[in-house]
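Here's the structure, in structure tokens; my notes come after.
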Amino acid sequence: ARLELAAHERSAWPELTVGGFYAQGRREIPAGSFSGPAGAGLSAAWTDAEVGFRLEAPLGLFDRRDVERARASGRILVAEAEARRARADVRQELEQARAGLAAAQEALDAVARTPDIVARELELLERSFRAGALDAVARAVALRSLQDAAARYDAEVRELRVARARWERWAGAAR
């Protein structure tokens with residue numbers, strides 16, 4: 001659109017036409033054309049040579065170039081607005097990805113000790129069961145609780161990985 005506008009700007013100036021010509025013409029006055037006492041049988045003939053120059057500049061009264069220039073300018077404005085909107089969208093997505101990454105990291109930090117706690121609790125659970133302090137039902141309930149805690153930890157790790165991938169995607173797009 002910018003190239004088109006530049007072309008229309010260049011063509012907005014009138015195109016001057018410069019020309020020259022040379023002409024020879026035979027002219028004559030026929031007999032009887034002269035008036036007066038001696039003019040009855042007179043005639044005249046001669047050759048004219050003409051040299052001329054011409055400079056033409058059209059008036060832009062009916063020129064439609066202004067419309068074409070306005071259309072090209074309009075397309076440029078639309079393209080610039082779309083580019084600004086796209087940059088704003090990328091900026092917004094980047095900020096959301098950064099906030100999501102920070103939230104996911106914070107959530108993982110809150111459950112960061114879960115694997116150590118689950119391992120220790122599992123060891124204590126097995127000792128208690130072998131010692132006879134727990135029956136099979138109590139052991140199954142405790143194991144289910146430990147599995148739920150491990151699943152929550154795994155979900156937080158997954159969420160952090162997804163948030164990091166989203167951040168990297170948008171950070172790469174912003175470059």
Side-chain angles (χ1 to χ4, degrees), residues 1-35 42-116 118 147-175:
R2 285 194 175 130
L3 291 175
E4 184 180 341
L5 178 63
H8 290 307
E9 291 291 334
R10 282 192 305 274
S11 68
W13 295 96
E15 296 175 10
L16 299 178
T17 304
V18 177
F21 63 90
Y22 172 78
Q24 270 190 329
R26 176 98 175 128
R27 300 187 191 260
E28 74 181 62
I29 300 174
S33 294
F34 291 102
S35 60
L42 290 178
S43 67
W46 70 94
T47 303
D48 280 336
E50 294 179 14
V51 175
F53 293 98
R54 180 176 65 230
L55 176 64
E56 294 178 9
L59 295 175
L61 297 177
F62 304 106
D63 197 0
R64 303 184 127 234
R65 292 179 184 155
D66 290 339
V67 173
E68 294 167 350
R69 288 187 355 225
R71 283 183 185 146
S73 295
R75 282 194 299 276
I76 289 170
L77 292 175
V78 167
E80 288 173 348
E82 288 173 351
R84 280 193 297 276
R85 188 184 67 217
R87 281 192 294 273
D89 289 348
V90 168
R91 213 175 3 259
Q92 179 184 5
E93 290 291 335
L94 186 61
E95 285 300 315
Q96 287 176 351
R98 185 191 59 74
L101 179 61
Q105 184 64 54
E106 190 176 308
L108 183 62
D109 290 346
V111 294
R113 292 191 28 137
T114 299
D116 296 335
V118 167
Q147 285 175 342
D148 289 346
R152 278 193 301 275
Y153 177 79
D154 289 343
E156 294 301 334
V157 168
R158 220 175 10 260
E159 286 298 319
L160 178 64
R161 287 179 181 161
V162 168
R164 185 173 290 131
R166 185 170 181 241
W167 161 255
E168 289 172 358
R169 174 181 165 227
W170 286 107
R175 289 186 203 138

With [X] via side chain to side chain donor-acceptor pair (under 3.5 Å) - residues at least two apart:
X   : result
R98 : E95
D89 : none
R54 : E56
Q96 : none

Contacts under 3.5 angstrom, residues 70-83 side chains, donor-acceptor by atom type, not counting sequence neighbours:
{"from": "S73", "atom 1": "OG", "to": "R69", "atom 2": "O", "distance (Å)": "3.0"}
{"from": "R75", "atom 1": "NH2", "to": "E4", "atom 2": "OE1", "distance (Å)": "2.6"}
{"from": "R75", "atom 1": "NH2", "to": "E4", "atom 2": "OE2", "distance (Å)": "2.5"}
{"from": "E80", "atom 1": "OE2", "to": "R2", "atom 2": "NH2", "distance (Å)": "2.5"}

Listed partners of [X] passing side chain to side chain contact (heavy atoms under 4.5 Å, CB included), at least two apart:
X    : result
F21  : E50
A45  : R26, E28
A104 : L160, A163

If you draw a 6.0 Å radius around CG in L3, do more than 12 non-hydrogen atoms from other residues or ligands fall strictly inside? no
Can you name the salt bridge (charged side-chain N to carboxylate O under 4.0 Å, His left out) partners of [X], sequence neighbours left out?
X    : value
D48  : R27
D109 : none
E106 : none

Can you list every pair that meets side chain to side chain donor-acceptor pair (under 3.5 Å) and has a residue in residues 149-160, with sequence neighbours left out?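 Every candidate side chain to side chain donor-acceptor pair (under 3.5 Å) pair involving residues 149-160 fails, so no pair, neighbours aside, qualifies.
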